[in-house]
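Report on the following structure.
Only a predicted model underlies this, so the values are computations on that prediction, with no experimental measurement involved. Chain A is the first sequence line, chain B the second, and so forth, proteins listed ahead of strands; every chain is numbered from 1.
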Amino acid sequence: MEILSGLFNGFSIALQPLNLLWCFAGVFLGTVVGIMPGLGPAATIAMLLPLTFGMPPTSGLIMLAGIYYGAKYGGSTTAILLNVPGESASVVTCLDGYQMARNGRAGAALGIAAISSFVAGTVGVLGLMLLAPPLAKIALSFSSPEYFALMILGLAMVVLLAGDSMIKALLAMLFGLWIASMGIDLFTDASRFTFGSAELLDGIDFVVVAIGIFALGEVFANMEMQGGASLLPVPKGMRELLPTMAELKACRFAFFNGSVVGFIIGVLPGAGSTIASFISYGLEKAVSKHPEKFGTGVPEGVAAPEGANNSETGGALVPLLTLGIPGSGTTAILLAAFVLWGLRPGPLMIQDNPELFWGLVASMYVGNVMLLILNLPLIPLFAQILKLREYILYPIIFGISIVGIYTSSSSFFDCWMLSLFGLLGYLMRRLDYPTAPLILGLVLGDSMERALRQSLMMSQGDLSILYHRPIAATLLFISLLLVCLPLFRNFNQWRIRAIEDNG
Amino acid sequence: MLEKVSLKMLDLSNSKKTGMACLFIYMLSPFSLHADFKPTKPIEFVVHTGPGGGSDLLARFIVQTVEKENLSPVRFQINNKTGGSGVTAMTYMAEKKGDTHTIAVFTGNWLITPLTRSETKVSVKDMTPIARLVLEPALIAVKSDAPYKTLKDFIEAAKKSPGMLKQSGGSSTSRDNVVRQLLMKSTGSNWTFISFPGGGERISALLGGHVNVMVIEPQEAGEHIRAGSLRVIAQVAEKRLPGFSNIPTLKEAGFNIPNVPQVRGIVMSSGIPVDVISYYENLFYRLSKTATWRKYLEDQQFEDGYQKSAELSHFIDGYTDQMREILKEAGAKVIR
């Protein structure tokens, strides 16, 4: 009952004309920055923060949160159409989304991404509304050993992302782990693999590697083919632009999986949306009846990660609003905003400012609907970009990649790095190395190493801390099962063959 | 006017004396002789963090206050020179030699990083200090169900089981760890320091009972104290903070260790003419006296750390020497 009256109150705030306007402004801006690679929601919120000082905190929060979850919607667009992840969390969407576009299903992929984002975004808000206080407490019991086990689970996904050769996948993953270890070591303050260059002190930015390997690598590889052979088929007519019933049906489990996995990982302050999308993609593939088709453009391969990175937003707001604990760069800026508005973020905030919490929750329902309405009609428009000939399209991809990287760091060094990783991406394609494991290693490497060292410092070097805790032990056990999965499959095939031979 | 009168009143017989008198007057009323310099184009405001970082938020608040209070005839434009833990921004500033339209936010890290990092080719010594603006105090907090009522209790417990108690904090050169090193050295105790990259993870570790103590910003801790989940056992500040008047500072609690402030302020590149220095000095002095700024300090629970150029220069030398000693004792490789 309390929730109902709170929600009712929330809608009466969120549906005020001015707040509706701010909500729209937020989700619209979010979609735009999501589409543009490089410029992320964190930077946008920080730059717009001063504008909100004169606004009532609830309106300000409604707008800034709109940018945050709106960006997750927009991020899939360039990932699907151009293989350029518009936002770090949409890296996983590239894997099947871009392949769908190559198969002429660009419109369907964009539609599925939007629908999945809507479903999962709404589930995320539901979770935030119903489960926030108890979940926040559970999240606190999650510590370094559990994070380590979670990262191991993520790394175990490599067996699912590998193509034909497991060795090549493992090599790519190790390369990713190596890049992740570059820069200043937090624990000892030592510089690792900086080769005396100050630019490498912070390591290499994940976005630089992802855009280089995915977007530029793909362009280089396509350029080599010369001629129009690689021109993508452009969807014609409304039917080809929208997902079919069969495609939507295939995504049923993915909608659910993405929503739940994204939300749970979002609640944990030390994980993040890229990890959420990887894990939900892996889970989708692990339970799929046709795992071999992943990576060739299956709709559920788009729905799962896109769902996960959207419901992650609802999850990430749980520790922020109930405990005043930010779990990511973007939520840290929202926290700073609270302070500048004169609010006191912390365990008592919902109690002290119910209108803020419920206004935000209600506005997120409204905002998700706005985003769906905003994004669906844009699909035919965006899909037109595929009509461009390569000699126009490729320079455009180059341009937005380089400009995107430069706007996020204003450093030429990063642009050089981008080209370097573009070449690496090309070489990997030529030599038939899968690129996803490299990205996986890079995303997880840093957090995994940290969690391991933190755990061992907690236990004075006793390794048993990693498997004596129930959550950590369960996660490690699931990882073990995952790693054994290909063996089971091989065994199964061998058994079937054996039976057939006998018969 | 006043200066002219006082110059006449001092019976000046030689030029050396005149110089000294001028200096004397200059120090008395530092902001009346700057009339010459006026910025003619937008001022570039360099920040070493990305949008949303601590220094970036401070810079954006300054920009907004300057506009609101009409303190400058030209706009301030923020330029985020991220990368290399601040080294990129420092190098950029050092290269802007003599540029009268570029200023930067510096933090304690700008003073500490060059001490240990061979990749750094420049230091704040290659720049012109303009103004120190804020000092950020800290609190030492434990979980409210912990058995330690005072810092002494905690230290005693740490002595009984060396290395068993844990503190969550930032990097090994962060203020958190420096305070720990100083406390351990002065009391002969020992506990473990576990680094977490984000403030959120540090507090989570403390609230979840995975570590025992944390050096925390008052802003971060405030609401957890009010909700009864954290207890403050000491404060790292020169004098007690308004919101924590019943908690002793480290000195008051009987720990005679140097205060380690987190500092932020403004620097320019080297080779800046005196009139330009005093122009900016004056600008930030007026900023620090506005009501908007005072409210900001209060909201953020920062201490007003305003110092003008000469004092700041002195402060930087002292701070750098102090940090060099502390880092050496902590076993860090100090290279300069």
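Per-residue counts of heavy-atom pairs under 4.5 Å with chain B were compared for Ala42(A), Pro269(A), Ala46(A); the largest is that of Ala46(A). Contact tally against chain A (heavy-atom pairs below 4.5 Å) for Gly222(B), Ser172(B), Gly208(B), Gly50(B): the top residue is Ser172(B). Interface summary for chain A: among Glu220(B), Lys81(B), Arg117(B), the most heavy-atom pairs under 4.5 angstrom belong to Arg117(B).
Contact of Ile333(A) with chain B is made through the side chain alone, with heavy-atom distances under 4.5 Å. There is no contact between Leu268(A) and chain B, counting heavy-atom distances below 4.5 Å. Interface remark: Thr192(B) contributes side-chain atoms only to the contact with chain A (heavy atom separation under 4.5 Å). Interface residue Gln454(A): backbone and side-chain heavy atoms are both found under 4.5 Å from chain B. Looking at Asp352(A), only its side chain comes within 4.5 Å of chain B, counting heavy atoms on both sides. Using a 4.5 Å cut-off between heavy atoms, Arg450(A) contacts chain B through its side chain alone, with no backbone atom that close. Contacts of Ser328(A) with chain B are absent, with no heavy-atom separation under 4.5 Å from either backbone or side chain. The contact between Ser191(A) and chain B is made by backbone and side chain atoms together, counting heavy-atom distances below 4.5 Å.
Between Pro218(B) and Pro137(B), the closest side-chain pair of non-hydrogen atoms falls below 4.5 Å. Contact annotation: the side chain of Leu317(A) never approaches that of Phe357(A) to less than 4.5 Å [non-hydrogen atoms, C-beta and beyond]. Taking 4.5 Å as the limit, some side-chain heavy atom of Glu119(B) sits within range of a side-chain heavy atom of Thr194(A).
Here Phe193(B) and Phe187(A) keep their ring centres 6.0 angstrom or further from each other.
For the pair Ser411(A) (side chain) and Asp414(A) (backbone), a donor-acceptor distance under 3.5 Å is present.
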